[in-house]
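Computation of the quantities below employed the complete heavy-atom set of this structure, encompassing side-chain atoms and omitting hydrogens, waters and symmetry-equivalent molecules. What you see is a predicted model, and the numbers here were worked out from it, not measured in a lab.
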Amino acid sequence: MRHIIVYIGVCLLAVSRPLFAQHIHQHSDCLVDSIDPMKEAILSEVTVQGIAGVGRLKDAASPFLVVSPKQLHNSINTNLISALGHLPGLSQVSTGAGISKPVIRGLGYNRVVVIDQGIRQESQQWGDEHGLEVDEEGIHSVEVLKGPASLMYGSDAIAGVMILHPEHPLEKGTMQVKVGSQYQTNNGLYDYRVAFSGNLNGYLWSWHFLDKATHCYKNKVNGYVPGSLFKERDVQGMLGISRSWGHSWLRFSRVNFTPGITEGDLIGSNIDGKSYDIVSPFQKVLHTKAISDNAWYFGNGTLKTIIGYQQNYRREFEEDDAPELAMRLHTVNYDIKYLHSLPYNLRISTGIGGMWQRNINQGEEYLIPNHHLFDVGVFATAEWQYRKYHFSGGARFDNRHLKTSSLMEDGALRFEALSKNFTGITGSMGVVWNVSDRLNLRLNAARGFRAPTVSELSSNGVHEGSIQYELGNAELRPEKSTQLDLGLDYTSHYISLQASLFSNWIDDYIFLTRLPYETDGFRTYQYHEGDARLMGGEVSLDVHPINPLHLENAFSYVRGIQLNQTDDARNLPMMPAPKWNCDIRYEFPNFAKNRCQRTFLAFGMEYNFRQNKFYAVDETETPTCSYALFNLSAGMDLHIFGHNCIELTFSCQNLLDKAYQPHLSRLKYVDTGSVSGRQGISAMGRNFCFKVSIPVDIHL
């Protein structure tokens with residue numbers, strides 16, 4: 001009932017205010033929003049955070065993906081990673097509808113670094129059921145760097161980096177109020193959001209609030225899935241000053257996320273699937289950030305410093321009000337870099353960065369020990385443009401020190417004290433040949449490094465969210481990655497084509513394997529390592545024979561193997577299945593005297609091929625059948641008196657109500673006790689989604 005009231009209020013606000021303007025601003029650092037929709041794929045118009053500062057995407061030797069504000073606005077999903085998971089080369093490890101983790105070319109967890117508000121997100125991301133826990137309302141656009149990126153971002157960026165760009169400051173003399181809401185029919189998701197930002201003579205502020213809740217989702221096989229509901233309440237703010245000498249910004253955010261925990265033995269029970277009340281078992285996560293972001297301009301150089309503090313407080317509740325598992329992770333991030341432009345089209349960047357961490361257990365149960373971590377890295381990079389060739393490269397040195405505390409429990413040693421020191425030298429070399437204004441060829445070689453996490457070294461306990469008992473391995477060595485990338489892109493008035501191939505060799509690859517016994521009634525898994533190779537690529541083709549019509553196709557493939565292993569242990573676990581996306585989108589010309597703008601209608605198919613290349617030792621994994629999902633979406637901007645009034649978006653996901661299990665779904669292995677013989681829990685069924693957003697610009 002509350003969401004209906006908010007919708008009425010939102011619509012009344014749209015009609016009552018005379019000052020409206022476009023929602024998307026043209027001063028983005030990530031890409032040029034003002035380009036014509038027909039030319040969004042022209043790489044010369046898109047800028048990214050390159051090796052030595054912001055540069056054109058067409059000159060980036062490493063494979064990049066850029067998700068524009070328009071694309072984010074037109075997508076509706078239960079969380080941010082679900083909205084991005086259809087992109088070529090990207091997948092997600094999911095636990096129900098509320099928790100998703102990014103996977104880049106078959107590698108996820110601590111191998112992917114997520115940059116949010118300028119610092120790396122640290123939220124115990126090693127856990128299967130630990131989500132991203134960022135405030136998606138404040139995200140303006142997204143960059144995804146595929147491949148080892150340890151050069152700029154240190155240990156853990158061995159798979160790639162996902163950069164979440166916050167909303168950019170408004171133009172001087174402008175304030176904006178934005179309200180919005182959405183509703184989804186399958187799990188009853190509703191949210192309400194409000195934002196207020198402004199720029200008064202270079203003095204900046206921004207504030208927004210988001211409240212979101214769901215009940216259990218359903219599908220035609222399992223019905224309502226107990227424990228698949230969640231609640232979320234986020235607040236984010238920024239205060240700052242921008243001048244000719246640079247800028248100084250203070251950012252703050254707090255994410256309050258409460259997801260349920262799905263247990264298979266409750267499937268088919270007589271539950272109220274439409275209740276929004278969360279009952280045990282469930283998690284409760286508070287993630288708080290405070291960030292100081294500063295930049296100073298010195299002629300052709302820029303000095304940037306970012307200092308951030310974040311706290312991730314994660315608790316699991318089972319039967320009473322006291323948490324059984326409670327972990328409080330403190331992290332201090334620091335990043336100092338200097339960028340300088342030199343004669344002869346040469347740009348250099350040097351810097352130092354890292355983090356300090358402390359984890360404290362405050363519950364009755366333990367999964368990882370108390371520990372301290374200190375991380376430091378120094379790097380230098382360079383870019384050089386020579387005629388039609390763009391060269392880039394650099395080197396980095398990293399050192400990570402990890403110290404864990406011992407713990408005795410019931411007279412037995414639960415955790416052994418460890419003191420580990422890991423060092424790594426990484427580098428990157430690449431070249432882009434701008435053959436013509438339309439064709440670019442690129443080649444890149446990169447060396448990556450990832451130190452083992454505390455969970456991989458020392459875990460010893462039941463992980464309720466992933467329904468398994470995990471054991472660490474104190475003898476693990478760091479992962480070392482060597483990747484080669486070959487790519488091309490071609491754009492014309494009628495065709496946009498991007499293609500890339502990669503081969504990635506990883507020494508001492510760390511992964512979980514199932515042991516042939518149970519501990520305390522749970523499947524038992526332990527971390528092991530071996531040499532691995534991942535191969536694959538992506539192809540994207542957008543054909544637009546006439547201006548409004550787009551025929552888009554994207555194919556992704558990755559194959560991960562262990563070297564020198566038997567047949568059942570040859571395939572790496574948690575490798576996504578090959579995926580083909582096909583979309584038809586028609587963008588209508590403005591009509592109704594230009595009161596209806598940016599109107600589009602799209603029909604899409606996502607086909608996931610059968611995954612029969614799985615890690616079969618002790619039934620760690622099982623094959624996954626192929627499936628096709630069909631989706632429908634539409635949207636428009638309604639204008640009054642020539643100003644933007646209300647933005648509407650509609651979609652229907654899983655149009656044919658297909659019952660399916662993604663290969664990377666953690667619920668695929670939940671024992672439901674079903675008499676049908678079907679193991680695991682299927683994903684969400686048909687889902688109708690509605691979203692409304694109203695930006696109100698006030699010019700002073």
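- Within the 4.5 Å cutoff, the side chain of D485 has no heavy atoms near those of the L443 side chain.
- The only member of I81, V93, L80, L84 that meets side chain to side chain contact (heavy atoms under 4.5 Å, CB included) when paired with P102 is I81.
- Distance alone, capped at 3.5 Å, is enough to place a donor-acceptor pair between the K101 side chain and the Q125 backbone.
- Counted by atom type alone, T214 and K231 present zero donor-acceptor pairs between their side chains at under 3.5 Å.
- For the 3.5 Å distance criterion, the side chains of D637 and Q597 fail to qualify, holding no donor opposite an acceptor.
- Put simply, the side chain of K668 gets close to the backbone of T622: a donor and an acceptor are under 3.5 Å apart.
- Counting heavy atoms from C-beta on, the side chains of E470 and Y527 come closer than 4.5 Å.
- Inter-residue side-chain proximity for V225 and K218 is flagged as unmet; no heavy-atom pair is nearer than 4.5 Å.
- For Y183 and F690, the ring centers are positioned 6.0 Å apart or more.
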task: Begin from the C-alpha positions of T258 and E232 and carry the test side chain to side chain donor-acceptor pair (under 3.5 Å) through to its verdict.
output: CA-CA 6 Å; T258 307; E232 182 176 351; over 6 Å; no
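- Not counting sequence neighbours, D583 has no partner by the salt bridge (Lys or Arg N to Asp or Glu O under 4.0 Å) test.
- Under 3.5 Å, the side chains of R533 and S503 contain a donor-acceptor pair of N or O atoms.
- Neither side chain, N631 nor Q653, offers a donor N or O lying under 3.5 Å from an acceptor on the other.
- No donor-acceptor distance shorter than 3.5 angstrom exists from the side chain of D489 to the backbone of A499, with no hydrogens or angles considered.
- Distance alone, capped at 3.5 Å, places no donor-acceptor pair between the E647 side chain and the I694 backbone.
- N74 and R598 form no side-chain donor-acceptor contact under 3.5 Å, judged by distance and modelled atom types alone.
- No side-chain heavy atom of M636 sits under 4.5 Å from any side-chain heavy atom of T649.
- The aromatic ring centres of Y276 and Y190 sit less than 6.0 Å apart.
- With E538 as the fixed residue, the side chain to side chain donor-acceptor pair (under 3.5 Å) test singles out one of K146, K579, Q498: K146.
- Atoms CD and CG, on Q565 and L572 in that order, are 9.5 Å from each other to the nearest 0.5 Å.
- Taking the charged nitrogens against the carboxylate oxygens, D568 and R570 have no contact shorter than 4.0 Å, which rules out a salt bridge.
- To the nearest 0.5 angstrom, L534 atom CG is 8.5 Å from S481 atom OG.
- T262 places none of its side-chain heavy atoms less than 4.5 Å from the side chain of T95.
- Between the side chains of T624 and Q661, no donor-acceptor pair is found at a separation under 3.5 Å.
- Panel note: side chain D657, backbone R686; a donor-acceptor pair is recorded below 3.5 Å.
- Looking at I99 and F257, their side chains come closer than 4.5 Å, going by heavy atoms from C-beta outward.
- Using a 4.5 Å cut-off on side-chain heavy atoms (C-beta onward), E587 and H550 make contact.
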